[in-house]
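Structure, as structure tokens:
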Amino acid sequence: MKATEQQSPEKYDLPKGYEFAEVEQRWYTHWLEEKTFSARMIEGKPSFSIVIPPPNVTGVLHIGHALNNTLQDLLVRYHRMKGENTLWVPGTDHAGIATQNVVERQLATENLTRHDLGREKFIERVWAWREEKGGTIINQLKRMGASCDWDRERFTMDEGLSKAVREVFVRLYKEGLIYKGDYIVNWCPRCHTALADDEVEHDPTDGKLYHIRYPYADGSGYVVVATTRPETMLGDTAVAVHPDDERYQHLKTIGISLPLTGRTIPVVFDHHVQREFGTGALKVTPAHDRDDYEIGLRHDLPRLKVMDDKGVMNAEAGKYAGLDRFACRKQIVSDLQEQGFLDKIEDYQHAVGKCYRCATVVEPTTSKQWFVSVRPLADKAVAAVQDGRINLYPATWQRTFYAWMENIRDWCISRQIWWGHRIPAWTCAACGEVIVEVTDPDVCPACGSANLHQETDVLDTWFSSALWPFSTLGWPEKTRELDFFYPTSVLITSFDILFFWVARMMMMGLHIMDEIPFHDVYLHALVRDKHGKKMSKSTGNVIDPLVMIGQYGTDAFRFTLTAFAAQGREIRLDEERIDGYRRFINKLWNAARFAQMHLKEADPAITAMTANPKILALAHRWILSRVNGAVKDVRAALDGYNFNEVASASYQFVWHEFCDWYLEWIKADLFSDDAVARDQAKAVLLSVLEQVLKLMHPITPFVTEEIWSQLPGERSSIMVEPFPEANAAWEDAEAESVMNLLMGVISGLRTIRTEAEVHPSAKIEAILICPDAAKRQILADYAPGVQAMVRAGSFSIVASATVPDDAGHALVQDVELVVPLKGLIDVAGELEKLARDQGKLEKELERIVGKLSNEKFMTNAPEAVVAKEREKEAEIRARLAKTLESTERMRKLS
RNA sequence: GGGCGAAUAGCUCAGCUGGGAGAGCAUCGGCCUUACAAGCCGAGGGUCACAGGUUCGAGCCCUGUUUCGCCCACCA
């Protein structure tokens with residue numbers, strides 16, 4: 001065997017680098033086996049609950065899911081550690097059209113359509129697909145470390161939820177809040193279904209704008225209207241003009257004779273019409289245009305449907321009946337031309353709505369659909385936000401929310417597809433009675449006929465997801481889960497479904513449960529690429545969470561998402577940052593490895609030492625005070641949903657205080673012969689490391705659990721450890737202030753050393769000139785520590801001294817640092833730097849003096865601010881004086 | 001057209017109730033110093049988009065402008 005370089009001596013138990021893949025797999029399996037994610041319902045404890053925004057069962061984990069679920073897991077783990085009854089309900093959404101599409105595509109490979117199978121067999125096929133493939137995204141969530149209560153996983157089509165859907169539908173129907181009526185919908189003539197607005201894609205398309213002459217009914221002239229869809233003129237039932245448009249006032253009584261058909265139609269006056277567009281006259285086709293439909297309602301116009309559901313002209317189209325809509329368009333144009341009605345044709349680019357699944361041009365058309373009257377429900381939701389029962393984070397969404405709720409239209413809940421909750425309504429073939437019931441009726445309650453036909457439409461997928469917060473907890477049964485966990489604590493989701501989903505959950509929760517569905521809503525940003533572009537497969541800028549996890553580890557990836565999750569801002573994810581946080585995880589790993597090397601033989605009894613920090617040496621008191629500050633910061637950030645601060649507070653503390661200063665400082669103690677010094681160091685090291693692991697566990701569950709399990713003593717999972725609490729006994733302002741001085745001195749001496757290019761291993765001689773006797777005492781007390789950190793040889797602390805000319809020089813507070821460096825000074829460089837310093841100081845001084853001599857400032861500014869300015873003035877004057885002295889000395893050398 | 005948001009170091013971003021401009025990465029210099037070279041020590045770098053205003057004091061508040069992004073309605 002080839003002798004490879006053995007970098008990792010046997011004395012460490014942990015590998016040199018953190019090997020995340022193995023650790024993640026091992027711990028997740030362990031957590032599942034131990035059921036540590038299971039919700040407990042213990043009386044007397046506060047509850048914390050989250051329902052997952054159910055991903056589509058067809059979904060694969062994308063970056064948005066990754067962010068969304070990381071933030072949820074962060075909160076869930078935090079609250080679980082706080083000892084609360086904590087539940088995170090997972091599940092998936094049956095995603096009507098999307099899922100039906102997937103299965104239809106599968107069928108297509110077998111040269112089959114759903115119609116070949118028939119409704120029942122097709123639905124069986126979909127269930128079979130779900131059994132086989134529906135778990136993909138759930139397994140991916142597990143790789144993210146999500147601590148969902150998997151035993152409670154739900155599906156919007158499962159038995160319980162289907163029951164909830166029926167209950168709600170029947171109740172709303174009986175309350176008169178669900179009705180069936182005509183409405184204009186986006187109709188796909190190929191798929192034969194209504195499409196929701198978000199299922200229609202608007203493509204800018206090159207088309208024509210046809211200007212058509214509509215003669216006055218009395219033959220006295222004509223008005224030109226413009227349209228991109230001339231075939232719809234067959235369904236025109238009015239011409240509309242603006243009420244204040246003086247050009248057309250005389251038409252009020254005349255009317256229009258519709259070309260080609262000769263029908264007489266009225267002129268209506270409506271504010272919707274833009275006077276500036278074209279001639280300011282608009283043809284109105286209420287049955288085939290959304291806006292026209294609204295105009296038609298306002299003016300009580302008939303709706304004349306001229307096409308069937310395949311996009312073919314019907315009998316109402318007269319001689320054009322039987323023509324496809326586009327063939328009809330050609331024919332109409334040519335007829336208009338022939339008969340002299342065509343004014344002109346212009347090239348025109350406009351947005352054409354297309355079916356998102358088959359790209360067929362969508363035909364707005366009227367059809368019988370089921371609706372929810374949302375006005376009364378919406379009012380309840382608005383009230384809940386207004387009076388603060390529901391809080392939106394960030395609060396800026398409130399305005400948008402209100403605006404949307406004010407303009408809300410009735411919700412079309414029927415879809416002409418097969419996969420979904422079939423509408424529980426039956427029509428009696430004998431007497432026409434409509435029966436809406438929870439249980440399937442056998443006979444008509446009106447006439448006794450058994451000839452009943454169930455509605456073929458299914459419900460909009462959002463209908464079932466609107467019930468998600470209570471249906472997943474067992475409603476309509478009265479369950480303990482509902483008692484403990486409803487209303488849920490917080491909903492975390494992306495803002496793009498605020499209206500589709502969040503608002504509807506509010507409406508349903510408030511109406512059906514008579515209670516809000518959640519207290520808080522945290523709306524996170526969309527994740528974009530580092531340049532702010534939307535991620536899309538065609539742009540090729542997609543960051544795949546699973547690839548990131550494989551490359552950098554789940555913890556690093558989660559930490560990155562958390563660090564980016566600042567409120568109210570889009571997230572531009574930069575892959576380099578993930579690598580940066582991977583290094584941070586590795587840093588933590590190595591700090592633990594270092595600790596482990598000393599703690600292996602640690603006596604658990606010594607850990608009690610941290611209970612009384614006053615007896616401890618300075619560095620220990622300092623780090624305990626600092627970790628206490630970090631605990632406070634992290635808790636406050638978590639409680640306020642300031643996720644990026646959770647990350648930065650942890651990062652800053654662990655790397656730059658715990659590792660950079662504390663671990664370096666206590667090395668001397670850990671290797672010391674002094675047993676007391678050693679024990680203190682071990683005790684505090686262990687204690688602080690434990691705090692750090694617990695503090696970071698919610699963000700980085702795997703590495704913290706792995707390290708935790710390796711620490712001395714019998715340990716159960718870190719997941720069930722109490723989350724750190726602020727400990728007043730650890731607060732020590734004095735230790736922090738002294739350490740600040742010492743760290744300043746150390747940094748100052750290091751700078752002098754580096755600038756003079758003294759080799760790091762060479763000892764330097766340092767003179768600390770300090771007029772303050774108390775400070776001199778402090779410096780003397782901690783001189784060995786400081787010396788060790790800067791590798792100083794001799795080290796003298798004096799009240800005053802003559803500074804040699806060729807010496808490095810710095811000022812920290814009122815301590816002057818002097819390092820004699822015969823012949824090592826870069827005089828020119830020093831002079832340059834001193835001049836720069838001098839400039840800055842003078843400018844700053846000028847500003848402060850200006851302030852302090854400003855009468856208004858002195859009378860208006862608070863006491864504390866003035867005092868601070870005075871202090872600053874004194875400090876800057878002192879530094880300026882020293883700078884001038886140094887300049888003087890440098891000049892002598894040059 | 002309506003609404004919302006953003007503009008801070010080369011890049012990606014923090015900056016909370018107005019009170020001395022910060023981080024990470026990148027750059028430059030030095031270091032294998034007994035956890036970590038995936039590391040350590042140090043340095044440089046900003047007219048806080050622009051123009052006004054309020055204030056003793058503005059990155060932060062107000063008005064306007066420019067640029068960018070998003071949402072809604074999309075004009076027949």
Side-chain angles (χ1 to χ4, degrees), chain A residues 9 12 14 16-18 197 202 209 225-229 232 240 272-274 276-278 281-285 289-292 348 350-351 353 394 396-397 399-400 403-404 407 495-496 498-499 525-526 528 530-534 563-564 566-574 576-577 579-598 636 640 642 644-645 648 651-652 656 659-660 663-664 667 670-671 747 750-755 757-761 790-791 833 844 847-848 850-851 854-862 864-866 868-869 872 876:
Chain A
Y12 309 121
L14 301 175
K16 191 170 179 181
Y18 171 54
D197 291 345
H202 293 274
L209 188 60
V225 299
T227 180
T228 53
R229 297 184 300 151
T232 62
H272 170 80
V273 180
Q274 310 284 312
E276 308 74 33
F277 190 91
L282 167 71
K283 65 189 272 305
V284 183
T285 324
D289 184 277
R290 232 190 154 101
D291 291 328
D292 293 4
Y348 192 66
H350 61 136
T396 46
W397 283 104
R399 280 181 63 150
T400 317
W404 191 81
N407 300 321
F495 65 78
D496 54 344
L498 175 59
F499 307 125
L526 291 174
R528 300 167 179 285
K530 66 186 279 192
H531 305 296
K533 290 230 169 64
K534 228 172 186 164
F564 268 110
Q567 284 188 17
R569 202 181 169 117
E570 66 181 26
I571 295 175
R572 298 189 187 193
L573 190 59
D574 182 354
E576 279 183 33
R577 284 280 289 267
D579 190 51
Y581 290 121
R582 193 207 83 232
R583 294 210 298 271
F584 173 58
I585 303 295
N586 198 57
K587 183 78 179 173
L588 174 67
W589 178 259
N590 275 292
R593 197 162 148 263
F594 172 75
Q596 184 68 355
M597 152 188 162
H598 296 281
N642 293 310
N644 59 316
E645 291 179 17
S648 62
Y651 187 97
Q652 180 62 29
H656 298 306
C659 291
D660 286 353
L663 292 185
E664 293 304 325
K667 273 178 182 170
L670 288 170
F671 289 102
S747 293
R750 281 171 175 170
T751 304
I752 294 170
R753 168 201 283 285
T754 303
E755 282 181 352
E757 294 182 5
V758 175
H759 193 274
S761 60
V790 293
R791 292 159 173 253
K833 196 181 162 224
E844 181 71 4
R847 202 180 61 81
I848 293 170
K851 254 188 177 180
N854 182 335
E855 210 173 296
K856 284 182 175 169
F857 172 76
M858 298 303 282
T859 51
N860 289 324
V865 174
V866 176
K868 220 171 153 189
E869 291 296 322
K872 264 191 271 176
I876 285 170

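In the text below, chain A, chain B and the rest are named by the order of the sequence lines, each starting its count at 1. Given the structure is predicted, the values throughout are model-derived calculations rather than measurements.
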To the nearest angstrom, how far is [X] atom [atom1] from [N] atom [atom2]?
| X | N | atom1 | atom2 | answer |
| --- | --- | --- | --- | --- |
| A/Phe564 | B/C25 | CZ | C1' | 10 Å |
| A/Phe495 | B/C70 | CZ | P | 10 Å |
| A/Arg593 | B/A37 | CZ | C1' | 13 Å |
| A/Lys283 | B/C75 | NZ | P | 13 Å |
| A/Phe594 | B/U33 | CZ | P | 16 Å |
| A/Leu663 | B/U33 | CG | P | 19 Å |
| A/Gln652 | B/G15 | CD | P | 16 Å |
| A/Met597 | B/C36 | CE | P | 9 Å |

Using a cutoff of under 3.5 Å, can you pull out all pairs of nitrogen or oxygen atoms linking the protein to nucleotides 2-4 of chain B, with atom names and distances?
from, atom 1, to, atom 2, distance (Å)
B/C4, OP1, A/Arg399, NH1, 3.4
B/C4, OP1, A/Arg399, NH2, 2.6

Taking salt bridge (Lys or Arg N to Asp or Glu O under 4.0 Å) as the test, write out the residues that go with [X], two or more places apart.
| X | value |
| --- | --- |
| A/Lys868 | none |
| A/Arg753 | none |
| A/Lys587 | none |
| A/Glu757 | none |

Problem - Upstream residue (5' side of RNA chain B) when A/Glu844 and A/Arg577 are each assigned their closest nucleotide - result: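 Upstream on the strand: A/Arg577.
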Problem - 5' priority, RNA chain B, between A/Asn644 and A/Phe671 [closest heavy atom] - result: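 With A/Phe671 and A/Asn644 compared, the 5'-side residue is A/Asn644.
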Working to the nearest 0.5 angstrom, can you tell me the gap between [X] [atom1] and [Y] [atom2]?
| X | Y | atom1 | atom2 | answer |
| --- | --- | --- | --- | --- |
| A/Phe594 | A/Glu664 | CZ | CD | 7.5 Å |
| A/Thr232 | A/Asp292 | OG1 | CG | 7.5 Å |
| A/Thr227 | A/Asp289 | OG1 | CG | 8.5 Å |
| A/Lys872 | A/Arg847 | NZ | CZ | 5.5 Å |
| A/Ile848 | A/Phe857 | CD1 | CZ | 9.5 Å |

Exercise for the section: Just jot down the side chain to side chain donor-acceptor pair (under 3.5 Å) partners of A/Asp660, sequence neighbours excluded, or say none. Expected result: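 Scan of A/Asp660 (side chain to side chain donor-acceptor pair (under 3.5 Å), adjacent residues dropped) gives A/His656.
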Exercise for the section: Could you list the residues that satisfy side chain to side chain donor-acceptor pair (under 3.5 Å) with A/Arg583, not counting sequence neighbours? Expected result: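 Once residues adjacent in sequence are excluded, the partners of A/Arg583 under the side chain to side chain donor-acceptor pair (under 3.5 Å) criterion are A/Asp579.
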When you compare [N] with [M], how far apart are their [atom1] atoms, in angstrom units rounded to a whole number?
| N | M | atom1 | value |
| --- | --- | --- | --- |
| B/G64 | B/G46 | C1' | 25 Å |
| B/G30 | B/C11 | P | 27 Å |
| B/A58 | B/G52 | C1' | 13 Å |
| B/U47 | B/U33 | C1' | 43 Å |
| B/A35 | B/C41 | P | 14 Å |
| B/G59 | B/G3 | C1' | 25 Å |
| B/A14 | B/A7 | C1' | 15 Å |
| B/G44 | B/C60 | P | 27 Å |

Exercise for the section: Ignoring hydrogens and angles, tell me if any N or O in the side chain of A/Asn642 forms a donor-acceptor pair with the backbone of A/Glu645 under 3.5 Å. Expected result: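 Answer holds: no.
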Exercise for the section: Without swapping roles, check the side chain of A/Asn590 against the backbone of A/Asn586 for a donor-acceptor pair under 3.5 Å. Expected result: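 Judged by distance alone, yes, a pair lies under 3.5 Å.
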Practice task
State whether A/His656 places a side-chain N or O below 4.0 Å from either non-bridging phosphate oxygen (OP1 or OP2) of B/G24.
Solution key: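 Yes, A/His656 has a side-chain N/O under 4.0 Å of OP1/OP2 on B/G24.
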Exercise for the section: Would you indicate, yes or no, if B/A35 has its OP1 or OP2 atom less than 4.0 angstrom from a side-chain nitrogen or oxygen of A/Lys667? Expected result: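 Result: yes.
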By the 4.0 Å heavy-atom rule, please label [X] as base, sugar-phosphate, or nothing.
| X | answer |
| --- | --- |
| A/Asp291 | sugar-phosphate |
| A/Tyr651 | sugar-phosphate |
| A/Ser761 | nothing |
| A/Ile752 | nothing |
| A/Ile848 | nothing |

Are any protein N/O atoms closer than 3.5 Å to N/O atoms in nucleotides 53-58 of chain B? If there are, list each pair with its distance.
from, atom 1, to, atom 2, distance (Å)
B/C56, OP1, A/Asn860, ND2, 3.2
B/C56, O2', A/Asn854, ND2, 3.1

Practice task
Give the B/S/- string for nucleotides 38-47 of chain B, one per nucleotide from 5' to 3', where a protein heavy atom under 4.0 Å of the base yields B, of only the sugar-phosphate yields S, and otherwise -.
Solution key: BSSSSS----
Problem - Any residue meeting side-chain contact (heavy atoms from CB on, under 4.5 Å) with A/Ser761, in chain and number order, not counting sequence neighbours - result: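 Once residues adjacent in sequence are excluded, the partners of A/Ser761 under the side-chain contact (heavy atoms from CB on, under 4.5 Å) criterion are A/His759, A/Arg791.
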Handout entry: With sequence neighbours excluded, residues passing side-chain contact (heavy atoms from CB on, under 4.5 Å) with A/Thr400
Key =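 Checked A/Thr400 against side-chain contact (heavy atoms from CB on, under 4.5 Å); matches are A/Trp397, A/Phe499.
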Practice task
Would you please test A/His598 and A/Phe671 for side chain to side chain contact (heavy atoms under 4.5 Å, CB included) and show each step?
Solution key: CA-CA 9 Å; A/His598 296 281; A/Phe671 289 102; 3.6 Å; yes
Exercise for the section: State which of B/C31, B/U33, B/A35 makes the closest approach to the side chain of A/Arg791. Expected result: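 Nucleotide nearest to A/Arg791's side chain: B/U33.
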Practice task
Both distances under 3.5 Å, Watson-Crick or G-U wobble: on that basis, could you give the dot-bracket string for RNA chain B, with [ ] for crossing pairs and | for other-strand partners?
Solution key: (((((((..((((.....[..)))).(((((.......))))).....(((((..]....))))))))))))....
